[in-house]
K.L.:
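Dropping a structure here in structure tokens format, bear with me for questions.
Numbering of ligands and ligand atoms starts at 1, following listing order.
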Amino acid sequence: MTQFSTTDHKMMARALQLAEQGLYSTMPNPRVGCIVVQDNEGTPEIVGEGWHIRAGEAHAEIHALKEACSRAKGATVYVTLEPCSHYGRTPPCAEALAEAGVKRVVAAMLDPNPQVAGRGMERLQQAGIQVEHGLMQQQARALNAGFIKRMETGKPFVRCKLAMSLDGRTAMASGESQWITGPEARSDVQRMRARSCAVMTGSGTIQLDDAALTVRPHQLGMTDPSLAAEKQPLRVVLDSALEISPQAKILQQPENTLLITAHPEEYRIKAMRALGAEVLTCPGEMDRVDLVSVMELLGRRECNEVLLECGATLAGAALDAGLVDELVVYMAPVLMGSNARPLLELPLTHMAGKVELEITDMRAIGRDWRITARPRDAHS
Ligand SMILES: [Zn+2]
């Protein structure tokens with residue numbers, strides 16, 4: 001295990017900060033940051049910085065090398081992901097780093113694609129460059145949890161967002177519900193939508209809330225929301241009999257809308273397609289949509305992160321199927337009483353069936369609290 005210095009940590013932290021600039025725009029590519037550091041008589045000096053902005057365009061390393069220009073020679077390069085070694089839409093970064101004559105490359109993590117992991121580092125080593133990896137790996141993995149999961153399993157990282165009262169209820173027994181969380185929590189949900197490749201819900205939630213599930217960039221709290229505005233996530237509605245109303249808000253901008261159904265009448269499919277929505281069939285047991293097939297399908301469509309914004313039934317089914325990687329629960333300071341509906345439809349009868357969670361973060365968001373947890377058996 002390599003021992004990294006304080007300077008190494010500081011520099012990688014800066015590279016991670018740069019990578020995060022791409023949070024809303026690099027999909028389906030990973031968010032990557034890179035810095036080029038020259039030793040200035042014992043004092044490290046950053047001579048080049050870069051981050052990947054969008055797919056099809058230059059990678060982080062190329063931006064950083066360009067800024068460093070001739071000062072890249074003999075420099076140390078910090079990059080949050082192993083440099084690529086294959087010819088994709090852009091030439092390989094490993095070649096560019098070798099050509100620039102850098103001395104040392106430190107990567108936070110290896111490429112998560114098992115078929116190419118280590119190749120970039122190998123190529124650099126062949127060019128006589130000193131290579132190391134694993135510095136701040138945990139932070140680097142967290143930034144690209146979706147990309148990593150898709151590369152390793154073919155399925156997206158699923159984040160399930162729920163809102164509840166302090167007594168764990170979400171709606172009255174009648175189904176009557178309304179926003180129980182404050183405006184800050186709602187902006188926070190906007191940021192989660194914006195970083196996701198797809199936002200998914202069930203037809204029941206569409207019927208109740210008539211949500212459009214779009215990203216409203218001005219609500220993201222960014223100084224420049226233009227990058228987030230470029231990409232609206234794919235909106236996915238699971239609707240086993242395809243009974244969604246043609247008047248639903250989500251169908252008023254049908255582009256980028258995918259309806260997944262199980263056993264629809266042919267005329268309903270035709271009607272939805274005529275409105276401009278895409279309709280696919282993924283039949284499962286008991287006339288329901290098969291959730292595992294849906295996730296595989298979204299993985300094939302290069303969806304890294306999927307945000308599940310749905311009711312208790314779909315959330316419970318997804319959790320039960322082992323498809324939820326992270327639960328994000330907003331807790332509002334209200335009590336809704338014992339007749340109100342539960343957070344998840346998860347009819348457990350024995351303690352042995354309980355779902356064990358690990359709370360990874362808990363913080364105040366305005367007047368609400370946000371709890372982030374992951375099922376203990378989730379892919380990490
Ligand atoms: Zn590259």
K.L.:
Are Arg191 and Glu20 within salt-bridge range, i.e. N to O under 4.0 Å?
P.N.:
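No, no charged N to carboxylate O under 4.0 Å.
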
K.L.:
Kindly give the heavy-atom pair with the smallest separation between Arg367 and Ile180, and that separation in Å.
P.N.:
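Residues Arg367 and Ile180, closest heavy atoms: NH2-O, 3.3 Å.
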
K.L.:
For Gln17 and Arg14, what are the C-alpha separation, side-chain angles and deciding distance, and is it a side-chain hydrogen bond (donor to acceptor under 3.5 Å, both in side chains)?
P.N.:
CA-CA 5 Å; Gln17 220 172 37; Arg14 175 64 191 150; 2.7 Å; yes

K.L.:
Determine, step by step, whether Arg104 and Asp8 satisfy the salt bridge (charged side-chain N to carboxylate O under 4.0 Å, His left out) criterion, reporting the C-alpha distance in whole Å, the side-chain angles of both residues, the deciding distance to 0.1 Å, and the verdict.
P.N.:
CA-CA 12 Å; Arg104 175 177 174 234; Asp8 286 339; 3.1 Å; yes

K.L.:
Sorted by chain and residue number, which protein N/O/S atoms are under 2.8 Å from the Zn ion (ligand 1)?
P.N.:
His59 ND1, Cys84 SG, Cys93 SG

K.L.:
Hey, what do you get for NZ (Lys161) to OG1 (Thr201), rounding to the nearest 0.5 Å?
P.N.:
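One finds 9.0 Å between NZ of Lys161 and OG1 of Thr201.
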
K.L.:
Side chains of Glu122 and Glu82: does their closest heavy-atom pair fall under 4.5 Å?
P.N.:
no

